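Below is one structure; the comments refer to it alone.
Just so you know, these numbers use all the heavy atoms, side chains as well, and skip hydrogens, waters and symmetry mates. Note that this is a predicted model, so its numbers are computed, not measured.
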Amino acid sequence: MIRRLHPRLKAGCVAVAAGALLSACVTPVAGPGGLYARPIGNAPVTANPTPYSPALYCLADYARRYNLPSPRMAIGRISDYTGTVSADGGRQITGGASLMAFSALAKSGARMVERYDTSISEMELRYANNRLIGDEGPDQPADANYRRILAGQVPGSDFYIVGGITEVNYNIRSAGFDAAVGETDTDVPGSGILQGKIYVMNIALDLRLVQTTTLEVVDVISYQKQIIGREISAGVFDFLNGNVFDVSAGTGGMEPAQLAVRALIERATVEMMANLYGAPGPEVCLDAANDPLNTVGQTGGFYPAYDNTGTNNGQTRAEPSRWHDRRDGDVRRSRY
């Protein structure tokens, strides 16, 4: 004899079944691969350019075509001076602005020297001074294979960049709407709501270019960038045969705040390096003779440590499928 389940019991069974289905991907016992669950997501790693990155590449090509030597550049502290804190307690604005400036300078073809984190070099210098680091070579005697410290072996910087993120202004302008329609009589089907919001904030940056030997401030730039966010949602609420249905959907998005910081730094770097190269402006990019610089790409730039420019991987760094075990067949073939 077949019995019909009570509607509430039926709904409970459906919920339990759905929960069991969702939990099938997670187990309290590690599988053969040593994982409780496999992480979701398969997007490959891609380059992270801004609208000003092509201008930086253009400056690098401009310097190469006209044989313009780049001064040695260093990066100091580019800190967040806004003090803003997010809802979860962390900093609202990135503390990695100095690292973004390194990438921007590399895209522009600038020669760089490390001054931001010299802890490894200083430690090795102390070890070498105590003759603790071996440095074997063909001309070294067997009993004196320690690393020599030579006067003038570390090149100095000509200019360095310092500054900070100085403004975060929330809700410069906002707008929205909220509309609802329905009936007081529950026997009449259909009621709904439609909402929409849009708001604008901004971030500001102040940088200065300092000549290292004289400490003279030779360039100062202050920029701001506005960021927009929006949200749209709609829903339907209805009674049908004693059941309540509430269906809603929406979409929203906000321009990435940290990417805005990167764009600010790249725009400032474009202006500073154009000044150092003597480039009059964006019109230098209109020359039909432009061709890509071998050591500059979307991911930054490099100076080859050895004479292997023709065989190294500098020109393939921005390809998203490279070195990806699910996208690059060469990697799959070499797996053990």
Checklist entry - Is there any side chain to side chain donor-acceptor pair (under 3.5 Å) pair reaching into residues 159-168, and which pairs are they, with sequence neighbours excluded? => result Thr166-Asp206, Glu167-Asn169

How long is the gap from [atom1] on [X] to [atom2] on [Y], to the nearest 0.5 Å?
X      : Y      : atom1 : atom2 : value
Leu207 : Ile78  : CG    : CD1   : 5.0 Å
Glu124 : Arg147 : CD    : CZ    : 5.0 Å
Glu319 : Thr46  : CD    : OG1   : 13.0 Å
Ile149 : Arg126 : CD1   : CZ    : 11.5 Å
Leu125 : Ile120 : CG    : CD1   : 13.0 Å
Gln211 : Phe159 : CD    : CZ    : 4.5 Å

For the side chain of [X] and the backbone of [Y], is there at least one donor-acceptor N/O pair under 3.5 Å apart?
X      : Y      : value
Thr118 : Arg115 : no
Glu231 : Lys197 : no
Ser98  : Gly76  : yes
Asp61  : Tyr57  : no
Asp117 : Ser119 : yes
Ser70  : Arg111 : yes
Asp158 : Pro71  : no

Can you tell whether the side chains of [X] and [Y] come within less than 4.0 Å, N to carboxylate O?
X      : Y      : result
Asp219 : Arg208 : no
Arg267 : Glu271 : yes
Lys225 : Glu255 : yes

Checklist entry - Above 12 or not: heavy atoms from other molecules or residues under 6.0 Å from CZ of Arg327? => result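 Above 12, so yes.
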
Checklist entry - Does CZ belonging to Arg230 count more than 12 external heavy atoms closer than 6.0 Å? => result no

Checklist entry - Do Gln92 and Thr82 meet the criterion of a side-chain donor-acceptor pair at a distance under 3.5 Å? => result no

Next on the checklist: For Gln258 and Thr94, which I'm curious about, is there any donor-acceptor pair between the side chains at under 3.5 Å?
Outcome noted: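 No, no side-chain donor-acceptor contact under 3.5 Å.
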
Quick check: closest heavy atoms across [X] and [Y], and the distance to 0.1 Å?
X      : Y      : answer
Tyr52  : Val270 : O-CG2, 4.0 Å
Met100 : Val261 : SD-CG1, 4.1 Å
Leu264 : Tyr223 : CD2-CB, 3.7 Å
Gly164 : Leu205 : O-CD1, 3.4 Å
Ile265 : Ala104 : CG2-CB, 4.4 Å
Thr212 : Ser157 : OG1-OG, 2.9 Å

Checklist entry - So Asn202 and Gln226, side-chain hydrogen bond (donor to acceptor under 3.5 Å, both in side chains) or not? Walk me through it. => result CA-CA 4 Å; Asn202 82 329; Gln226 292 191 345; over 6 Å; no

When clusters are formed by joining ILVMFWY residues with side-chain heavy atoms under 4.5 Å apart, either directly or through shared neighbours, do [X] and [Y] land in the same one?
X      : Y      : result
Leu132 : Met123 : yes
Leu99  : Val113 : no
Val218 : Ile75  : yes
Ile228 : Tyr170 : no
Leu56  : Tyr66  : yes

Next on the checklist: Quick one, Arg326 with Asn42, criterion side chain to side chain contact (heavy atoms under 4.5 Å, CB included). Give me CA distance, side-chain angles, the key distance, then yes/no.
Outcome noted: CA-CA 9 Å; Arg326 298 183 185 179; Asn42 60 357; 4.1 Å; yes

Checklist entry - Cationic tip of Arg148 within the cone over Tyr146's six-membered ring, i.e. under 6.0 Å and within 45° of the normal? => result yes

Next on the checklist: Exactly one of Val162, Ile161, Val217 should register a side-chain contact (heavy atoms from CB on, under 4.5 Å) with Leu209. Which one does?
Outcome noted: Ile161

Item to check | Worked verdict on Glu114 versus Ser121 for side-chain hydrogen bond (donor to acceptor under 3.5 Å, both in side chains) | outcome: CA-CA 10 Å; Glu114 180 63 60; Ser121 296; over 6 Å; no

Checklist entry - Is there a side chain to side chain contact (heavy atoms under 4.5 Å, CB included) between Arg91 and Asp80 once you walk through the steps? => result CA-CA 9 Å; Arg91 285 296 186 97; Asp80 172 23; 3.3 Å; yes

